[in-house]
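To keep things clear, I will list the structure first and then write my remarks on it.
Every value quoted in this text rests on a predicted model; they were computed, and no experiment measured them. Below, chain A is the first sequence line, B the second, and so on; all start at residue 1.
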Number of protein chains: 2
Amino acid sequence: MKLSTKGRYGLRAMLDLAMHSEDENVSINSISERQNISENYLEQLIAKLKKAELVNSTRGAQGGYSLAKPMEEISVGDILRALEGDLNPVDCALINGNSQCSDMDCCVTKSVWKKISDSINDVVDKITLRELCNDSKELEAKNIKTNSGCKL
Amino acid sequence: MKLSTKGRYGLRAMLDLAMHSEDENVSINSISERQNISENYLEQLIAKLKKAELVNSTRGAQGGYSLAKPMEEISVGDILRALEGDLNPVDCALINGNSQCSDMDCCVTKSVWKKISDSINDVVDKITLRELCNDSKELEAKNIKTNSGCKL
DNA sequence: TTAAATCCTAGTAATCTAGTGGGAATAGGG
DNA sequence: CCCTATTCCCACTAGATTACTAGGATTTAA
C-alpha cells in the first residue's frame with residue numbers, strides 16, 4: 001500500500017516546475033539537479049504527465065517544460081493518477097466506476113475498498129498545486145531550504 | 001498504490017472466521033475451501049493476525065482459530081495493518097508518528113502524504129468486523145451467495 | 001552548423017509478491 | 001498408546017514489478 005517513486009518524484013517534479021516555469025521553460029536537467037532525481041528516469045515520469053496534459057513541452061535548444069494549466073487547476077490527484085494509475089486500493093469494476101460488476105451484490109469487502117478509494121481521491125483532489133506552491137514559497141521566505149536530500 | 005492479496009485475502013478470512021467461529025474453532029482448511037484461498041498461504045496470513053492478537057488458536061485435533069476479541073472491537077484497520085504493515089502511502093518518520101524527523105520543515109509534499117495517510121486510517125478504523133458481519137448476514141438472508149469466486 | 005534540448009525504445013539488477021513444499025509439534029478420540 | 005487432525009515453522013521459487021540505465025533519433029534557437 002505504498003506510493004511508488006513515480007508518484008513521489010513526480011509530485012516533487014511538478015512542484016519544482018510550478019516554482020520555476022513562470023517565466024521560462026524548465027529543462028529536465030535542471031529539475032533533475034534541484035530535486036536529485038535521475039535525469040533519464042525523470043524523463044519517463046514527465047512523459048506521463050505530458051500524456052495526461054498536465055505539462056507542455058518545447059523541443060530543441062532553450063526548450064523544456066511548463067505547466068499546461070494554471071496551478072489552481074491542477075490537483076495533486078491529477079498528478080498522482082497520471083503517474084500511478086488509479087488510486088484505488090484494489091482493481092475492481094465496481095470501484096472503477098463500472099456499475100456492471102457481476103459481483104456487485106456479493107462482496108461485502110468491496111464496500112470497504114470503495115470507502116478507502118473515495119477517501120483517498122477526495123483528499124488528493126482537494127489539494128491544488130497552487131497550495132503546495134504557496135507552502136513552498138512560505139518556507140523559502142523563512143530561509144528554510146526545501147527538500148534537502150529528502151526523497152519523499 | 002494497491003493493497004496486496006495479504007490484505008484482501010486476510011480481510012475475507014477474518015470475516016469468514018467471524019461468521020463461523022461463534023460456536024466452534026474454525027480450521028484453516030475450511031476457510032481455505034469456502035474462500036478459495038490456498039491453504040498454505042492462508043496459514044501465513046493467519047499467523048500475522050495471530051501475532052497481532054486478533055485471533056486465538058488451538059492446536060491439535062478439533063483445533064482451529066477463533067476471534068481473540070468481540071467483533072465490535074476489531075476494526076478493518078486493525079486487520080489491514082496487521083497484514084500489510086502501516087497503511088501510509090510513503091515511509092516517513094513524520095508520518096509514522098516520529099516527530100523527530102529531520103526533514104520535518106522542508107518537505108512540502110509530506111503534508112500531502114500525511115493527509116492521505118490520515119484519511120485512509122480514519123476510514124478503516126471506523127469500520128468494525130461486526131458491521132461487515134451484519135452486512136454479510138443480510139445478504140445471506142436474501143439468499144445471495146456471498147463471495148462467489150470473487151477474489152476481492 | 002552546432003549544441004541543447006525533448007522524444008523514444010530497449011534492457012536489466014534487485015526487490016517483492018504470491019505462492020509451494022515439507023516436516024515438527026500438539027492434542028482429542030478410540 | 002496410537003492415529004489423525006490440526007497448528008506451527010521455515011525454506012524455497014517463478015513471475016512480476018520497480019527503479020532505474022543506455023543510447024540513439026529528432027527538433028530547434030542561436
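- Distance OH (Y9(B)) to C1' (dT20(C)): 14 Å, rounded to an integer number of Å.
- Partners of D118(B) by side-chain contact (heavy atoms from CB on, under 4.5 Å), not counting sequence neighbours, listed by chain and number: K114(B).
- Enclosure of atom NZ in K48(B) is not indicated, since only 12 or fewer non-hydrogen atoms of other residues, nucleotides or ligands lie within 6.0 angstrom.
- For the side chain to side chain contact (heavy atoms under 4.5 Å, CB included) test with M1(A), the passing option among L80(B), D86(B), L3(B), N88(B) is L3(B); the others fail.
- Per the geometry, CG belonging to N40(A) stands 16 Å off P belonging to dG11(C), to the nearest Å.
- Across the protein-nucleic acid pair, Y65(A) atom OH and dA4(C) atom P stand 17 Å apart, rounded to whole Å.
- Going from atom CD of E84(B) over to atom C1' of dA18(C) covers 12 Å, rounded to whole Å.
- When rounded to the nearest whole Å, the span between CG of L42(B) and P of dG21(C) equals 16 Å.
- For the segment residues 43-61 of chain A, residues with any heavy atom less than 4.0 angstrom from an atom of DNA chain D are, sorted by number, Q44(A), R59(A), G60(A), A61(A).
- Here dG24(D) presents its P atom at 16 Å from CD of E39(A), a figure rounded to the nearest Å.
- With sequence neighbours excluded, the residues forming a side chain to side chain donor-acceptor pair (under 3.5 Å) with T5(A) are Y41(A), listed by chain and number.
- Here dA29(D) presents its P atom at 15 Å from CD of E24(A), a figure rounded to the nearest Å.
- At least one side-chain nitrogen or oxygen of T5(B) sits closer than 4.0 Å to the OP1 or OP2 atom of dA18(C).
- Each of Y41(A) and Q62(B) was assigned the nucleotide of DNA chain D with the nearest heavy atom; the assignment lying further toward the 5' end belongs to Q62(B).
- Closest-nucleotide positions on DNA chain C for N29(A) and M1(A) were compared, and the one nearer the 5' end corresponds to N29(A).
- For E39(B), the side chain to side chain donor-acceptor pair (under 3.5 Å) criterion is met by N29(B), not counting sequence neighbours.
- For D122(A), there are no side-chain contact (heavy atoms from CB on, under 4.5 Å) partners two or more places apart in sequence or in a different chain.
- Residue N25(B) contributes atom CG, which lies 10 Å from atom P of dT6(D) at whole-angstrom precision.
- Sorted by first and then second residue, the salt bridge (Lys or Arg N to Asp or Glu O under 4.0 Å) pairs involving residues 58-85 of chain A (not counting sequence neighbours) are E72(A)-R130(A), D78(A)-R81(A), R81(A)-D125(A).
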